[in-house]
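This structure is a prediction, so every number in the text was calculated from the model and none was measured. Naming: A, B, ... by sequence-line order, numbering from 1 per chain.
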2 protein chains.
Amino acid sequence: MINKNSPIPIYYQLEELIKVLIEKGELKPGDALPPEREYAEKYHISRMTVRQAFTDLVNEGYLYRQQGKGTFVAERKIEQGLQGLTSFTEDMIARGLKPGSKLVKFEMIPASSQIAGQLKIAEYGPVYEISRIRLADDVPMALETNYISANLIKGITEDIVNESLYAYIEEKLNLRIVSATQTIESSIASQSEANNLNIKKGSPVLLIQQNTYLLDGTPLELVKSVYRADRYKFIVQMKR
Amino acid sequence: MINKNSPIPIYYQLEELIKVLIEKGELKPGDALPPEREYAEKYHISRMTVRQAFTDLVNEGYLYRQQGKGTFVAERKIEQGLQGLTSFTEDMIARGLKPGSKLVKFEMIPASSQIAGQLKIAEYGPVYEISRIRLADDVPMALETNYISANLIKGITEDIVNESLYAYIEEKLNLRIVSATQTIESSIASQSEANNLNIKKGSPVLLIQQNTYLLDGTPLELVKSVYRADRYKFIVQMKR
DNA sequence: GAGTGGTCTAGACCACCCC
DNA sequence: GGGTGGTCTAGACCACTCC
């Protein structure tokens, strides 16, 4: 079960092993896991290594610990798109919907002061503005506009946007997206938003602005989205 | 600086020490910290202990690591109420507003099937229904309704509700609130909501439903809130 | 090659829970 | 008292980055 000569870290192998037990239902919510010392002995590994695996699973919400009592399987995690940073595509798939996209604008423009401030670039610096109607099961779900500094991300084409912008950024440019701040507010559709989303003017919409950051805190992009309230709810999981 | 005989764990003392350096500005965003081995030597502690402190600070968003390069101070954390679970009161204080509250309903009712299902109690089981108008700087901000199983939380009184329900639950009943799921949607104020919030019928509002859970996953309460869109934006921080 | 973080060991003692 | 997780040690070798 555990291969000590594998290049995959032992603690990681143990995490996967425990996750599988939970997903197969052999460990049910509320069940106590075997104690750390027992795992250490069984697999001939150090207790600290077992603890590293357990700690990760606690942080991911699979387990919880109680001093003096033991380690237990947590209630089933909410299977939602929002336990972390996800793209529209990932979000829709997690919700069981077929994602789609229709490009409505793809331009390079000078940054307004508001956008330049958020992206921490010079005012009037070049940014890509990419507007897309986002579809779920072929019905409009949201109107999404991305702003990305053209100096940071060079060589974007329409083809890349139609494929996957995130995959291009992460795989081709080797930039790691690690965090984001989202601001969510309630609003009412303007005439042009209503036209794009195929709803009536004045219908309620969810306005989401996302700032995305790289590992060192450099702003990568700004995304402004308008979601149809009748089709979309935002879900967040929080820990104390 | 580090007291090895203190009952406070060494790794925790080190965390506080580093946090203070960051908050005082002696360590600025982007700065490299001294390497782990240097801390270990300086304070005569094990490198693993240093690593535990660093790891916690990375998880809390204060630091980030780069293999082969070093450990660095992250960009200033967004000082927002929403980097974790907060009560309305905490949220308002974090936003620089004076929280207030006006009780409009306090009853014990039989749980509807929807509420019973969410709280995982029997249908028609007793629940407290507590409705409050939430004020920020003395102006209505939200209409909030809590549902709590009366069997789980016994002996709530109006006085407790007017003080702090969370403090009562955590301190007096010794229950630890650890996680919550929030569903956020956009809607339009009904006539009665509009009256309570002092806005026009049909104005946009943010509908937030929160399910709160204890350590072992037991549902503690259900909170349904209606926030004025003109005064409130919801903010979330996410990590990959 | 030198320096950094990443993984791992084989112990130890403490704090807490339950019987 | 026995079992659990919580903290801590003093090393070791590996993987990665940079010069």
* To do: Any chance you could measure A/Leu214, atom CG, to A/Ile177, atom CD1, to the nearest 0.5 Å?
  => 7.0 Å
* Quick one: sort the B/Tyr128 and B/Phe106 rings into parallel, tilted or perpendicular, breaks at 30° and 60°. => parallel
By side-chain hydrogen bond (donor to acceptor under 3.5 Å, both in side chains), which residues pair with [X], not counting sequence neighbours?
X	value
A/Ser112	none
B/Gln52	none
A/Glu36	A/Arg47, A/Arg51, A/Arg65

Any side-chain donor near an acceptor of the partner, [X] and [Y], under 3.5 Å:
X	Y	answer
A/Gln237	B/Thr181	yes
B/Ser131	B/Glu129	no
A/Asp159	A/Thr157	no
A/Asn3	A/Gln13	no

Can you measure [X] atom [atom1] to [N] atom [atom2] for me and round it to whole angstrom units?
X	N	atom1	atom2	value
B/Arg51	C/dT4	CZ	C1'	11 Å
B/Gln66	C/dG5	CD	P	11 Å
A/Lys69	C/dA15	NZ	C1'	15 Å

* Between the main-chain N or O of A/Arg37 and the side-chain N or O of A/Lys42, is there a donor-acceptor pair closer than 3.5 Å? ->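 The answer is no, because no donor-acceptor pair under 3.5 Å joins these two groups.
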* To do: Identify whether any heavy atom of B/Phe54 sits under 4.0 Å from a base atom; if not, whether one sits that close to sugar-phosphate; answer base, sugar-phosphate or nothing.
  => nothing
* Asked: If each of A/Arg47 and B/Arg65 is mapped to the nucleotide of DNA chain C with the nearest heavy atom, which maps nearer the 5' terminus, i.e. the 5' end?
  ->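 Its nearest nucleotide lies further toward 5', so the answer is B/Arg65.
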* Asked: Earliest and latest nucleotide of DNA chain D, 5' to 3', sitting under 4.0 Å from a non-hydrogen atom of chain B?
  -> D/dT7 to D/dC18
* Asked: What parts of residues 27-42 of chain B reach DNA chain C, counting only heavy atoms under 4.0 Å away?
  -> B/Pro35, B/Glu36, B/Arg37
* Derivation of the salt bridge (Lys or Arg N to Asp or Glu O under 4.0 Å) call for B/Glu90 and B/Arg95 -> CA-CA 9 Å; B/Glu90 291 168 326; B/Arg95 289 166 191 254; over 6 Å; no
* **Close residues, residues 14-21 of chain A, relative to DNA chain D [heavy-atom separation under 4.0 Å]** => none
